[in-house]
Amino acid sequence: MKELRFQCKIPSRIPLEKMIQFVQKIDQFDSVILIQSQHTTINGRSLLGMCILATGLVNSQVTLLISGPDAQMVFEQMKDLLFERAG
(Lines give C-alpha, C1' and ligand atoms only; values in the text may rest on other atoms or scores of the structure.)
Protein backbone atom coordinates (compact mmCIF):
# COMPACT_ATOMS: atom_id res chain seq x y z
CA MET A 1 0.00 0.00 0.00
CA LYS A 2 1.35 3.39 -0.97
CA GLU A 3 0.81 6.65 0.89
CA LEU A 4 1.33 10.08 -0.66
CA ARG A 5 1.24 13.28 1.33
CA PHE A 6 1.69 16.78 0.00
CA GLN A 7 0.90 20.36 0.94
CA CYS A 8 -1.54 22.36 -1.15
CA LYS A 9 -3.61 25.51 -0.94
CA ILE A 10 -7.38 25.76 -1.24
CA PRO A 11 -8.18 28.36 -3.94
CA SER A 12 -10.34 31.35 -3.03
CA ARG A 13 -13.30 29.95 -4.94
CA ILE A 14 -14.21 26.38 -5.86
CA PRO A 15 -17.32 26.03 -8.06
CA LEU A 16 -19.84 23.40 -6.97
CA GLU A 17 -19.45 21.66 -10.33
CA LYS A 18 -15.74 21.15 -9.67
CA MET A 19 -16.43 19.69 -6.22
CA ILE A 20 -18.97 17.27 -7.68
CA GLN A 21 -16.51 16.29 -10.42
CA PHE A 22 -13.78 15.72 -7.79
CA VAL A 23 -16.02 13.47 -5.64
CA GLN A 24 -17.25 11.49 -8.66
CA LYS A 25 -13.69 11.00 -9.91
CA ILE A 26 -12.45 9.83 -6.50
CA ASP A 27 -15.20 7.20 -6.38
CA GLN A 28 -13.48 5.45 -9.30
CA PHE A 29 -10.46 4.59 -7.12
CA ASP A 30 -9.78 2.25 -4.19
CA SER A 31 -7.50 4.64 -2.29
CA VAL A 32 -8.57 6.71 0.69
CA ILE A 33 -8.32 10.45 0.08
CA LEU A 34 -8.25 12.75 3.10
CA ILE A 35 -7.84 16.52 3.22
CA GLN A 36 -6.34 17.61 6.53
CA SER A 37 -6.13 21.08 8.01
CA GLN A 38 -4.99 22.16 11.42
CA HIS A 39 -8.43 21.57 12.92
CA THR A 40 -10.30 19.17 10.66
CA THR A 41 -10.01 16.14 8.40
CA ILE A 42 -12.36 15.79 5.45
CA ASN A 43 -13.08 12.64 3.46
CA GLY A 44 -12.56 13.47 -0.21
CA ARG A 45 -15.45 11.14 -1.14
CA SER A 46 -17.96 13.26 0.78
CA LEU A 47 -19.69 16.05 -1.12
CA LEU A 48 -20.82 17.59 2.18
CA GLY A 49 -17.24 17.49 3.43
CA MET A 50 -16.05 19.12 0.23
CA CYS A 51 -18.61 21.91 0.72
CA ILE A 52 -17.18 22.49 4.19
CA LEU A 53 -13.76 22.60 2.61
CA ALA A 54 -14.87 25.19 0.07
CA THR A 55 -16.42 27.47 2.66
CA GLY A 56 -14.30 27.01 5.75
CA LEU A 57 -10.79 26.49 4.44
CA VAL A 58 -10.54 29.02 1.61
CA ASN A 59 -6.96 30.22 1.08
CA SER A 60 -5.77 27.75 3.74
CA GLN A 61 -2.81 25.41 3.54
CA VAL A 62 -3.92 21.78 3.80
CA THR A 63 -2.38 18.34 3.46
CA LEU A 64 -3.80 15.97 0.88
CA LEU A 65 -3.28 12.38 2.03
CA ILE A 66 -3.81 9.59 -0.50
CA SER A 67 -3.41 6.05 0.77
CA GLY A 68 -4.06 2.83 -1.11
CA PRO A 69 -3.00 0.54 -3.92
CA ASP A 70 -3.69 3.12 -6.63
CA ALA A 71 -2.44 6.21 -4.74
CA GLN A 72 0.00 7.31 -7.45
CA MET A 73 -2.68 7.10 -10.14
CA VAL A 74 -5.09 9.09 -7.95
CA PHE A 75 -2.42 11.75 -7.42
CA GLU A 76 -1.66 12.06 -11.13
CA GLN A 77 -5.32 12.39 -12.10
CA MET A 78 -6.48 14.59 -9.22
CA LYS A 79 -3.57 16.92 -8.45
CA ASP A 80 -4.76 19.86 -10.53
CA LEU A 81 -8.51 19.41 -10.18
CA LEU A 82 -9.11 21.48 -7.04
CA PHE A 83 -5.88 22.44 -5.38
CA GLU A 84 -2.95 24.77 -5.89
CA ARG A 85 0.38 23.19 -4.97
CA ALA A 86 2.10 24.90 -2.06
CA GLY A 87 5.51 26.10 -3.06
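Keep in mind that the numbers below use all heavy atoms, side chains included, and drop hydrogens, waters and symmetry copies.
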> Please, which pairs that meet salt bridge (charged side-chain N to carboxylate O under 4.0 Å, His left out) have at least one residue in residues 39-48, sequence neighbours excluded?
Replying inline: D27-R45
>> Looking at every heavy atom in both V23 and G44, which two are closest together, and how far apart are they?
In response: CG2-O, 3.6 Å
> Tell me, do I33 and V74 make a side-chain contact under 4.5 Å, heavy atoms counted?
Replying inline: yes
>> Within the 4.5 Å heavy-atom criterion, are F75 and Q72 side-chain neighbours or not?
In response: yes
> Between atom OG1 of T41 and atom CD of Q36, what is the distance when rounded to the nearest 0.5 Å?
Replying inline: 4.5 Å
> How about Q38: does its CD atom have over 12 heavy atoms from other parts shown lying under 6.0 Å from it?
Replying inline: no
> Residues two or more places apart in sequence or in another chain: which of them pass side-chain hydrogen bond (donor to acceptor under 3.5 Å, both in side chains) with D70?
Replying inline: S31
>> Could you tell me if the side chain of M50 sits less than 4.5 Å from the side chain of I35, heavy atoms only?
In response: yes
>> Using side chain to side chain contact (heavy atoms under 4.5 Å, CB included), reason through I42 and L34 one step at a time and then give a plain yes or no.
In response: CA-CA 6 Å; I42 296 168; L34 300 175; over 6 Å; no
